[in-house]
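Here's the structure, in structure tokens; my notes come after.
On a predicted model such as this, the values are computed, not experimentally measured, just so you know. Below, chain A is the first sequence line, B the second, and so on; all start at residue 1.
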Amino acid sequence: MSAVPRQPLVVITVDRAAGPVVEGEAVVSTEGFSPRYDLDRWTGVISKPGHRLEGTSIRDKILFFPTAKGGIAAGWAFHDIKGKGIAPRAFVFGVTNPVMVQGAIFAGIAITEGWTPDALSEIRTGDLVRVDPGRRVVELLERASDR
Amino acid sequence: MELNDEERAMQRGDRGAAVKEAIDFQLEVGRFFGARRFVPISNAHMMGDIEVMGDAGLSRLRQMAEAGTRCAVDITTNARCIDFAHATALQQVEDEVEKERRIITHLRQMNVITADTCINYQTLYQPHLGEHVAWGDTGTVIYANSVFGARTNFEGGPSALASAITGRTPEYGFHLDDVRRGNFTVELDVDPSDLADWGAIGRLVGEPHQSYYAVPVFSGPGGTPLRRTPTSDELKHLGASLASYGSHAMFHMVGVTPEAPTVQAALGGNAPADRMRITRADIDRVYAGYDVKDGRCNLVVFSAPQLSLFELKRLSELLDGRTVAQGSKLFVTTSNAMKRTATELGYIDRIEAAGGIVLEGVCFYILQDLTPMKQRMGWSSLVTNSAKLVNTITAHRFNTILRRTEDCIETALTGVVR
């Protein structure tokens, strides 16, 4: 892997954010997310049959989802998967719901909501990205194709 | 956020470390959503079971209980993952059963009422118009906001617990007038005649409008009231399905819900972003969309939400004198209180005499060890009249099929799904 450039290739502004600054590999989904409906919470792999990320591990990833599905489970579930060592580093949502936010804050996982420009058209799975909640930005550091 | 004297005292730690930890967490959530202040709450409802909490959650709860944390506001628990009377028969792992007992002990130490029900709005507490509460799961939230006109966001377990500890919740989302206004309309040009029909409507509306802030306004054709006013159980299944498929926290229904005397009043000046019309053909297409595979099905479930006394009565009538097919399982889940009453009335005997298994205090999709249970039992397809269950159980890789109540019974009796 080549050295990370200082200047981000793309800067995405987010509307709301909380949690620590993190960097990691992006996983981008065009389908929404619920830890209860979609995730095997014992392995960290998306297990819902037919989910667009079926078979993908979320461990240590930066996850991009357009929407949140459900659900009350995230309140405890994010804390649980963090304890099991299979949590992602950040959730980047187009539109989320309060439980995802409550759950991420409770677990100490970075989370953001709302994006300009549209992260789903700017970021691809495998890209290296940084999430900086304090500055309310998500930055593309390196394209997957260049890594 | 603007804090009053009491909230500042909490934040300083004057009310103890546990209260400080709770309000600090709430402040961070409130700041995320741009809340201006806290609002006092009168009731809370929380999810807290080993299936969703895991060892990390149990450990956190134990620390809180040992530190002397106490809830200041009445708080009840949602359905849990183990019915202790059936844990052995279902081969749920003994260690996890023991952990579930410890969770219950810790919650009681903290002044939590472990009622274990997801139909608190039918059986325990009915908040009034404008009353602020802090509830989860989602089915309880959408019922509170829509049918009672009470005010709550989706509150996950730790968040509802924090609200009960501090007696307040950040004022954002559905605590605010403008978020509660409808923003698209749905004309029901159909007379739904089964709980599954209402769940199918929830899917048709929720799935294409997946957003916490989408608030549908239901009416009959041309904005008129519905031809027949829905029952509490019908609104329960509609709401649970909307919350599941759409992540919705509120709906309006003209002439039924308190903030919707008319379509215009429910929209509150919003121009509808979409206008849907639902007919019988749309609902039939939902049923036709499920893959029945080879037509065999050895698992039928009535759950999600837990069944009311009226649903239990109906099931007992449909099953009276009949027998579940050899090798098939029929599960029913309800609250502890409903099961006791239904037992006294003879409904439970009739369901069990037919071979049905009635679980109390749990919901099927959150049962501990469900994936290994599924493999051991040779379950593949699952037939239910709950649209919510069809959606929520998918991580366990069931082939889920929504059917009307009588069709579900037929599958239970024959082992065949059509």
Could you check which of B:Ser244, B:Gly139, B:Gly54 has the highest count of heavy-atom pairs closer than 4.5 Å to chain A? B:Ser244
Can you give me the closest heavy-atom contact between B:Pro158 and A:Gly75, atom names plus distance? CG-O, 3.2 Å
Given B:Asn399, B:Asp137, B:Val29, B:Val52, the one with more heavy-atom pairs under 4.5 angstrom with chain A than any other is B:Val52
Side chain / backbone / both / neither for A:Ala74 at chain B, heavy atoms under 4.5 Å: neither
Interatomic distance, B:Thr392 atom OG1 to A:Lys69 atom NZ [nearest 0.5 angstrom]: 11.5 Å
Shortest non-hydrogen contact from B:Ser247 toward A:Gly71: OG-N, 4.5 Å
Please give me the minimum heavy-atom distance between B:Gly157 and A:Ile72, naming the atom from each residue. N-CG2, 4.5 Å
Under 4.5 Å from a heavy atom of chain A, the part of B:Asn153 involved: side chain
Grab the two heavy atoms, one from A:Pro98 and one from B:Tyr172, that are nearest each other, plus how far apart they are. CB-OH, 3.5 Å
With a 4.5 angstrom heavy-atom cut-off, is it the side chain or the backbone of B:Tyr245 that approaches chain A, or both, or neither? neither
With a 4.5 Å cut-off on heavy-atom pairs, point out which of B:Gln210, B:Met47, B:Glu28, B:His396 contacts chain A the most. B:Gln210
Looking only at non-hydrogen atoms, find the nearest pair between B:Phe154 and A:Gln102 and report the distance. O-NE2, 3.0 Å
If I measure from the heavy atoms of chain A, does B:Leu58 come under 4.5 Å with its side chain, its backbone, both, or neither? neither
Looking only at heavy atoms and a cut-off of under 4.5 Å, which of B:Arg31, B:Met46, B:Arg60, B:His248 has the most pairs with chain A? B:Arg60
In sequence, state the C-alpha distance, the side-chain angles, and the governing distance for B:Tyr212 and A:Val99, and then conclude on side chain to side chain contact (heavy atoms under 4.5 Å, CB included). CA-CA 10 Å; B:Tyr212 185 65; A:Val99 182; over 6 Å; no
Over all atoms of both residues, closest heavy-atom pair of B:Ala56 and A:Gly83: CB-CA, 4.2 Å
Between atom OG1 of B:Thr138 and atom CG of A:Asn97, what is the distance when rounded to the nearest 0.5 Å? 9.0 Å
For B:Ile142, is it the side chain, the backbone, both, or neither that has a heavy atom closer than 4.5 Å to a heavy atom of chain A? neither
How many angstroms lie between atom OH of B:Tyr365 and atom OH of A:Tyr37, to the nearest 0.5 angstrom? 6.5 Å
Within the 4.5 Å heavy-atom criterion, are B:Glu51 and A:Arg36 side-chain neighbours or not? yes
Counting heavy-atom pairs under 4.5 Å with chain B, which one of A:Asp80, A:Asp38, A:Val95, A:Ile81 comes out on top? A:Asp80
Whether the side chain of A:Ser47 engages the backbone of B:Ala395 through a donor-acceptor N/O pair (distance < 3.5 Å, no angle test) should be reported. yes
Using atom types as modelled, flag every donor-acceptor pair under 3.5 Å from a side chain in residues 103-113 of chain A to any protein atom, sequence neighbours excluded.
unit_1	atom_1	unit_2	atom_2	d
A:Glu113	OE1	A:Arg16	NE	2.8
A:Glu113	OE1	A:Arg16	NH2	3.4
A:Glu113	OE2	A:Thr96	N	2.8

